[in-house]
Amino acid sequence: MKSLFISYRRILFLMLAGLSAPGIWAQKGPLASPDGKVVFGLQLNDNGSPAYRLTYEKKAVLLSSSLGVDGWADGLDLKDTRSVRNNTDWKPVYGERSVIRDHYNARIYTFGKKEVPSQQLQIEVRAYNEGLAFRYLFKDSFPDKRLRIEKDLTTFQLPEGTLAWFAGRAQAAYQLLPLNKWPGEAERPLTLQLRNGLYAALAGAGVVDYCRTKFVLDARKPNTIACAMFDAVERSIPFSTPWRMILLAEKPGALLENNDLFLNLNPPNEIANTSWIRPGKVMREITLSTSGAKKLVDFAVKRHLQYIHFDAGWYGHEYDSAADASRVNVDPLRNPVNELNMEDVIRYARQRGIGVFLYVNQIALAKQLDQLLPLYHQWGIAGIKFGFVNVGSYRWTRWLHEAVKKCARYQLMVDIHDEYRPTGFSRTYPNLLTQEGVRGNEEMPDATNNTILPFTRFLCGPADYTICYYHRPELKPSLAKTQNARVLKTTSAHQIALSVVYYSPLQFMYWYDRPEDSRDEPELEFFDRVPTVWDDTRVLDGAIGQYVTVARRSKKDWFVGSITNNDARKLRISCSFLPPGKKYRAKIYYDDPASPVRTRVSIKQVVVDAASVIDTPLPASGGQAIWLQPVK
């Protein structure tokens, strides 16, 4: 059967996408985003299999690609099409922006099985200015009221020459690869560079009561990416799958500016009283002693941190299945003297306005969660860092998000570590402040890694990168004597700038450091003052794997961070993000080999306005931070 075209616009869409496949295009023509740049088209082929195409500004993004899951990929009839529009604003409890716009045009396609017309599948598609999202909904028309999904048959056929920023696991290094001969499954988000100059990112949102899905190459079709579910999912009907997403942008920095899409695709906040959810800066306590913890509390007060954190070992060896996380029992491998008085430390900290987080490995969480949460609430704990969580499977994905919900009942904030990556759940349960799932300073990566992350991992939400400062041989002589010591591979100003470039409502500072490592260097003022949540965020410039400059606003102040990769370069930072007609005093914290400070950071001040340009020479692996305050 030849294609049936209803309008000139549809013909134009097909021509632009380079399409000639037979089939029937769905009713009412293509679906366009509010600004008309993102255009989606749905096709039902002769065998009843749905397919779709996607363009941005009349440039092909996805060629004919498959839709459906096992049992629902062919033999379908289009029964109905319904259009929906939304244009609303909402205010998150905290975020990269104080107001988020949720603006899209949507269409819901209802399909019936040709053999069993009463059983129906809906595909809901939303076209945003920022990209496209779709999901599968199963209506209440199944005899046994349950459905098992073993394969997601969705594909993404890219134009020839597309490159992908590939990472095989959440904490792996990235490689820029063509769409062939990948070494395995790709983590999400998967950022793509198209030959036509566009940038895209494939991702998922709302992965809560489902399994993780990564991306693989489709062995049957060149330049095509397929979905790889971790395991089977069995759900009661009605239900919907998580959202499949394609973020789109003309510049890589716009991908990060568009990342509200993850939050928009999740349900609104479920926590009525959020006054106890307080983002902030935190430092790890590594002595596991009462005196060491109190010293850290004093340092936190001095350096304007909001929390201290007891890491692994406070309740015994974290991998010991017999370890009891309801009582203090210091691991002798971390401190042979078992004298940590947690009650005394918590009281001392609270008197000084400092909260306490506790690390708990999933081994203990899995067996003690319901016992621990009311107990920690009684102790006055501010939050929990989940350690070495199981990720990927339907069972553990569901368990993890249920655990976050339970923490909310006891007013406990959460930081999830290791391989977990977010999909927007913090909108619904904002007590989930942050998570790891990033190649951060525990791996001591190079600067090139750090200039890739804003355009890849940070698209899907905050990451607990664990910013370091003093962990280098010239500042800690003991490191020079340690064989194969993992030390910082970036400059001090690079680490300062990361506190702006990288978003995390719970931002770990001074990782691997102790209070006595600090000599109150003048540039620590920036760490003292920088917030962890924002009213506005702008990506001023950037190229993946080369450099990035991010500006973020908190009330009237702006903070700017610039970092380069392993190469030196000169940047020019335009201040056009500032409101016109207003002057700002800019304090600039920069790498300076001539600085008398042992960290080799200097500070200078200039007055700027929206017409100003700040010359920014960066050494190899270097960075620069700027604090801008309005001139009164």
Side-chain angles (χ1 to χ4, degrees), residues 93-96 276-286 293-311 345-346 349-350 352-359 381-385 412-417 426 430-436 438 440-442 458 461-471 492-515 517-518 520-535 537 550 552-555 557-561 587 589 599 623 625 627:
V93 176
Y94 54 81
E96 293 181 87
W276 53 274
I277 300 176
R278 294 186 293 272
K281 291 168 285 190
V282 57
M283 185 170 174
R284 180 173 64 153
E285 208 297 301
I286 55 180
K294 289 184 175 181
K295 185 184 294 185
L296 182 61
V297 168
D298 294 340
F299 183 80
V301 172
K302 181 180 182 180
R303 296 266 62 111
H304 298 273
L305 308 176
Q306 286 71 49
Y307 300 100
I308 68 167
H309 165 247
F310 287 98
D311 212 344
V345 171
I346 294 170
R350 294 185 71 173
R352 286 153 183 80
I354 303 298
V356 175
F357 272 73
L358 297 180
Y359 172 95
I381 296 301
I384 307 174
K385 183 166 84 171
L412 292 167
M413 293 174 282
V414 178
D415 175 7
I416 301 174
H417 253 234
S426 289
N431 63 313
L432 175 56
L433 291 179
T434 193
Q435 49 272 304
E436 193 178 11
V438 66
N441 270 336
E442 287 187 329
F458 277 92
D464 188 0
Y465 178 91
T466 55
I467 295 170
C468 290
Y469 203 63
Y470 298 105
H471 203 68
S492 296
H494 185 107
Q495 291 294 314
I496 294 173
L498 291 182
S499 64
V500 178
V501 175
Y502 293 167
Y503 169 62
S504 184
L506 184 71
Q507 188 79 275
F508 268 87
M509 315 292 281
Y510 306 105
W511 191 257
Y512 292 123
D513 298 330
R514 300 187 185 196
D517 294 323
S518 174
D520 297 331
E521 288 77 11
E523 71 272 12
L524 296 187
E525 173 189 53
F526 191 87
F527 276 163
D528 294 349
R529 301 303 176 189
V530 68
T532 66
V533 293
W534 307 96
D535 293 311
T537 292
V550 179
R552 302 185 192 266
R553 180 176 61 84
S554 175
K555 297 180 181 177
D557 289 6
W558 283 90
F559 294 80
V560 180
K587 268 193 173 182
Y589 306 76
T599 50
W627 176 20

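The analysis underlying the following values was restricted to heavy atoms, covering all of them including side chains, and did not include hydrogens, waters or symmetry mates.
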Smallest separation among heavy atoms of [X] and [Y], with atom names:
X      : Y      : value
Leu412 : Trp276 : N-CZ3, 3.4 Å
Tyr503 : Gly95  : OH-CA, 3.1 Å
Gly623 : Ala493 : O-CB, 3.1 Å
Val501 : Gly561 : CG2-O, 3.5 Å
Ser504 : Ala463 : CB-O, 3.4 Å
Thr532 : Pro279 : OG1-CB, 3.7 Å

Do [X] and [Y] come within less than 4.5 Å of each other through their side chains, counting heavy atoms only?
X      : Y      : answer
Leu433 : Ile277 : yes
Thr599 : Tyr469 : yes
Asp528 : Leu305 : no
Val560 : Val550 : no
Lys302 : Ser518 : no
Asp535 : Lys555 : yes
Phe357 : Leu506 : yes
Tyr94  : Pro430 : yes

I'd like to know whether the aromatic ring centres of [X] and [Y] sit less than 6.0 Å apart in this structure.
X      : Y      : value
Phe458 : Tyr502 : yes
Phe559 : Trp534 : yes
Tyr512 : His471 : yes
Tyr465 : Phe508 : no

Return the [atom1] to [atom2] distance between [X] and [Y], rounded to the nearest 0.5 Å.
X      : Y      : atom1 : atom2 : result
His304 : Arg529 : NE2   : CZ    : 4.0 Å
Asp415 : Leu358 : CG    : CG    : 12.5 Å
Ile286 : Asp513 : CD1   : CG    : 8.0 Å
Ile346 : Ile308 : CD1   : CD1   : 8.5 Å

Scan side-chain atoms only and decide if [X] and [Y] contain a donor-acceptor pair under the 3.5 Å cut-off.
X      : Y      : answer
Gln495 : Tyr470 : no
Ser499 : Gln507 : no
Glu525 : Tyr589 : yes

Does the [X] side chain pair with the main chain of [Y], one donor and one acceptor, at a distance under 3.5 Å?
X      : Y      : result
Glu285 : Met283 : no
Arg552 : Val500 : yes
Gln435 : His417 : no
Asn441 : Thr466 : yes
Asp557 : Ser554 : no

Exercise. CZ of Arg352: more than 12 outside heavy atoms within 6.0 angstrom?
Worked result: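 Counting neighbours around CZ of Arg352, more than 12 heavy atoms of other residues, nucleotides or ligands fall under 6.0 Å, so yes.
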Problem set entry | Over 12 foreign heavy atoms within 6.0 Å of NZ, Lys295 | no
For this session: Tell me, with the steps shown, if Phe527 and Arg303 meet side-chain contact (heavy atoms from CB on, under 4.5 Å).
Result: CA-CA 8 Å; Phe527 276 163; Arg303 296 266 62 111; over 6 Å; no
Exercise. Please walk me through it: do Ile384 and Tyr359 pass side-chain contact (heavy atoms from CB on, under 4.5 Å)?
Worked result: CA-CA 6 Å; Ile384 307 174; Tyr359 172 95; over 6 Å; no
For this session: Step by step, work out the side-chain contact (heavy atoms from CB on, under 4.5 Å) result for Glu442 and Glu436.
Result: CA-CA 11 Å; Glu442 287 187 329; Glu436 193 178 11; 3.1 Å; yes
For this session: Report the C-alpha distance between Val282 and Met509 in whole Å, list the side-chain angles of each, state the deciding distance to 0.1 Å, and finish with yes or no for side-chain contact (heavy atoms from CB on, under 4.5 Å).
Result: CA-CA 6 Å; Val282 57; Met509 315 292 281; over 6 Å; no
